[in-house]
Amino acid sequence: MKRNDELYYPIGIVAEMFDVSVGTIRAYEKEGLILPRKTEGKHRYFNRNDISRIACIRKMITEKGLNIAGIKMIFSIIPCWEVKQCSTEDRTHCPAYHNADAPCWEIKNMDSVCGPLDCRECPVYIDMHNCDDLKNTLKRFYTLKKEAKKG
DNA sequence: TTTCTAACA
DNA sequence: TGTTAGCA
């Protein structure tokens, strides 16, 4: 499938790619690990970033021994407020800033500065797709504030 | 045939 | 995670 010059795959193909059931892929979405787009008919379709994320998830599960809850926890401690350079005022009113039980893209509400934005297009979500460089990605997230002060 | 949601093993 | 039911 192709949409906006980007290739998309149905859940069956994706499940086949990683040798897992479609139910497993759906479980990743249900737990907030991935945010596949959906058609009007509710059908999920996955782009390259989704595929990359799933590869990372599979790697953490099979090679690091983590489960879905463990991966969700890692995603939940991403300092999105540093990535988005949120002001003190923004942080005060943002539920994601005060919650570490779910990734920000799961608890976003319309009252926060991220309200009208699509998390699928946010670096907080997108940059977590590279498993091989996960540690550096997290490190970069945490040092953004310092770099902003320098520059 | 494939995918969907929801409930349950 | 997997399975099943009932639907589109």
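Order of the sequence lines sets the chain letters (A, B, ...), proteins ahead of strands, with each chain counted from 1.
- Note: CD (Glu29(A)) to P (dT1(C)) measures 15 Å, nearest angstrom.
- The interatomic distance linking Arg37(A) (CZ) with dC4(B) (P) rounds to 16 Å, in whole Å.
- Counting only heavy atoms from C-beta on, Arg58(A) has its side chain closest to dT1(C) among dT3(B), dG2(C), dT1(C).
- Within 6.0 Å of the CG atom in Asn136(A), the count of heavy atoms belonging to other residues, nucleotides or ligands exceeds 12.
- Listed pair Ser21(A) / dT1(C) fails the phosphate criterion, with no side-chain N or O lying under 4.0 Å from OP1 or OP2.
- Comparing dT1(C), dT5(B), dT3(B) against the side chain of Pro10(A) picks out dT3(B) as the nearest.
- Between the CD atom of Glu40(A) and the C1' atom of dT3(B) there is a distance of 14 Å, rounded to whole Å.
- To the nearest angstrom, P of dG2(C) lies 10 Å from CD1 of Ile61(A).
- In this structure, Lys42(A) atom NZ and dT3(B) atom P are separated by 17 Å, rounded to whole Å.
- Counting to the nearest Å, the C1' atom of dT1(B) and the NE2 atom of His43(A) are 10 Å from each other.
- For the pair Ile11(A) CD1 and dT5(B) C1', the interatomic distance rounds to 12 Å; values are reported in whole Å.
- Salt-bridge annotation for Lys30(A) and Glu106(A): absent, with no side-chain N of the basic residue lying under 4.0 Å from a carboxylate O of the acidic one.
- Between Ile13(A) and Lys30(A), the residue anchored nearer the 5' end of DNA chain B, judged by the nucleotide with its closest heavy atom, is Ile13(A).
- At least one side-chain nitrogen or oxygen of Arg44(A) sits closer than 4.0 Å to the OP1 or OP2 atom of dC4(B).
- Between Ile68(A) and Arg26(A), the one whose closest nucleotide on DNA chain C sits nearer the 5' end is Ile68(A).
- Tyr28(A) has a side-chain polar atom (N or O) that falls below the 4.0 Å cut-off from OP1 or OP2 of dT1(C).
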Item to complete: Give the intermediate values and the outcome of salt bridge (Lys or Arg N to Asp or Glu O under 4.0 Å) for residues Arg140(A) and Asp133(A).
Response: CA-CA 11 Å; Arg140(A) 181 157 47 75; Asp133(A) 200 38; 5.7 Å; no

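- Taking atom CD of residue Glu16(A) and atom P of nucleotide dT2(B), one finds them 10 Å apart after rounding to whole Å.
- The residue Gly12(A) sits close only to the backbone: its heavy atoms come under 4.0 Å of sugar-phosphate atoms, none of a base.
- In this structure, the side chains of Asn67(A) and Ile61(A) stay at 4.5 Å or more apart for every pair of heavy atoms.
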Worksheet item: Which is it for Tyr28(A) and Arg58(A) under the side-chain hydrogen bond (donor to acceptor under 3.5 Å, both in side chains) test, yes or no, and what are the steps along the way?
Response: CA-CA 10 Å; Tyr28(A) 294 160; Arg58(A) 292 305 301 164; 2.8 Å; yes

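- Across all strands shown, dC7(C) remains unpaired; no Watson-Crick or G-U wobble contact has both distances below 3.5 Å.
- Pairing partner, dT1(B): none, since no Watson-Crick or wobble contact has both distances short of 3.5 Å.
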